[in-house]
Amino acid sequence: NAGVTQTPKFQVLKTGQSMTLQCAQDMNHEYMSWYRQDPGMGLRLIHYSVGAGITDQGEVPNGYNVSRSTTEDFPLRLLSAAPSQTSVYFCASSYSSGIGLSYEQYFGPGTRLTVT
Amino acid sequence: AQSVTQPDIHITVSEGASLELRCNYSYGATPYLFWYVQSPGQGLQLLLKYFSGDTLVQGIKGFEAEFKRSQSSFNLRKPSVHWSDAAEYFCAVDPPMDTGRRALTFGSGTRLQVQP
């Protein structure tokens with residue numbers, strides 16, 4: 001298994017450009033999520049999905065769109081990039097083994113995005 | 001509001017000394033609790049997790065954490081720190097089971113520096 005993969009690893013955008021950060025997992029996990037990491041702020045949840053076709057907003061969703069057409073993929077779209085979106089982006093997936101049972105989040109390696 | 005607090009932004013310890021990193025949460029019920037470590041330029045690695053049961057949890061790399069319900073705390077400890085432990089440490093929670101979100105709320109992180 002490759003686990004959670006993210007592409008690209010690095011990206012530089014100009015203000016106003018759009019792009020899609022790719023995230024894929026091959027573990028058949030139901031749950032996927034996107035976080036951004038900024039110095040001194042930890043990781044903050046952007047969007048999450050509890051299954052194919054179901055997405056919802058996290059703490060900092062503005063400026064980002066997501067969709068989940070398959071279990072494997074959960075792309076994050078930046079509609080019109082702004083310098084405030086300069087960050088490191090992490091995708092994660094997890095499973096649910098049933099109510100009351102444990103689970104674990106698996107993180108991708110991250111995408112470092114710079115918006116100039 | 002639900003939150004996770006790591007009160008120490010930066011900690012320096014000598015190699016071989018003991019370590020305790022603090023984490024407090026504010027939720028009505030006990031959430032799932034996690035500690036992650038991130039080395040510079042790297043992704044996140046899970047150190048340990050708590051769901052229920054024994055309040056002292058053992059993790060990888062010689063780390064342990066103790067859940068104290070009365071203090072809403074989940075502090076990370078290591079009896080003897082190695083130079084390779086220098087990294088940033090994040091406490092994270094997943095709200096109680098009934099939210100079904102399976103996404104994490106992170107503290108702002110504690111950067112650990114180890115002196116020779």
Side-chain angles (χ1 to χ4, degrees), chain A residues 3-6 9-10 23 25 27 29-51 54-61 66 68 74 76 87-112, chain B residues 1-10 21-25 29-54 57 59-60 67 87-111:
Chain A
V4 180
T5 57
Q6 292 183 237
K9 285 187 167 44
F10 301 94
C23 174
Q25 52 92 8
M27 298 172 282
H29 285 173
E30 306 156 63
Y31 303 89
M32 297 186 75
S33 47
W34 276 102
Y35 302 84
R36 59 176 288 174
Q37 182 178 24
D38 302 291
M41 304 188 76
L43 282 78
R44 293 178 292 168
L45 182 66
I46 305 171
H47 285 283
Y48 64 97
S49 169
V50 299
I54 307 170
T55 64
D56 205 346
Q57 297 180 350
E59 304 168 54
V60 289
V66 292
R68 183 105 179 265
F74 190 42
L76 179 72
S87 188
V88 181
Y89 292 84
F90 288 98
C91 178
S93 73
S94 63
Y95 62 89
S96 173
S97 52
I99 294 175
L101 299 179
S102 65
Y103 77 98
E104 181 177 334
Q105 291 245 336
Y106 295 78
F107 282 86
T111 293
R112 185 173 294 274
Chain B
Q2 300 168 337
S3 67
V4 182
T5 303
Q6 292 181 249
D8 303 305
I9 297 172
H10 185 246
L21 303 182
R22 296 182 290 165
C23 174
N24 294 93
Y25 63 89
T30 301
Y32 294 158
L33 298 157
F34 304 82
W35 275 99
Y36 285 86
V37 61
Q38 185 181 35
S39 297
Q42 301 299 310
L44 291 145
Q45 182 179 24
L46 179 67
L47 286 174
L48 46 76
K49 57 191 175 185
Y50 173 80
F51 297 101
S52 65
D54 193 346
V57 180
I60 63 171
F67 167 62
E88 189 151 25
Y89 292 80
F90 293 97
C91 180
V93 308
D94 187 5
M97 284 297 303
D98 58 3
T99 65
R101 192 180 71 166
R102 294 292 185 275
L104 300 179
T105 298
F106 283 82
S108 55
T110 297
R111 182 166 298 280

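Computed from heavy atoms alone, side chains included, the values below leave out hydrogens, waters and symmetry copies. Naming convention: chains lettered A, B, ... in sequence-line order (proteins, then strands); numbering from 1 in each chain.
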Can you name the nearest heavy-atom pair linking [X] to [Y], along with the distance?
X: B:S108; Y: A:G40; answer: CB-O, 3.4 Å
X: A:Y48; Y: B:A103; answer: CB-CB, 4.3 Å
X: A:L43; Y: B:F106; answer: O-CB, 3.4 Å

Tell me whether the count of non-hydrogen atoms from other residues, nucleotides or ligands lying under 6.0 Å of CD1 in B:I60 goes above 12. yes
Worksheet item: Around atom CZ of A:R44, are there more than 12 heavy atoms of other residues, nucleotides or ligands at under 6.0 Å?
Response: yes
Okay, A:Y106 and chain B: the region with an atom under 4.5 Å from a heavy atom over there is neither
- Message: Counting C-beta onward and ignoring hydrogens, is there a side-chain heavy-atom pair between B:Y36 and A:Q105 closer than 4.5 Å?
- Response: yes
Sequence neighbours excluded, the answer for side-chain hydrogen bond (donor to acceptor under 3.5 Å, both in side chains) partners of B:Q42 is none
Sorted by chain and number, sequence neighbours left out, side-chain hydrogen bond (donor to acceptor under 3.5 Å, both in side chains) with B:Q38 holds for A:Q37
In this structure, CG of B:L104 is separated from CZ of A:F90 (nearest 0.5 Å) by 13.0 Å
Cut-off 4.5 Å, heavy atoms of chain A, and the answer for B:L46 is side chain
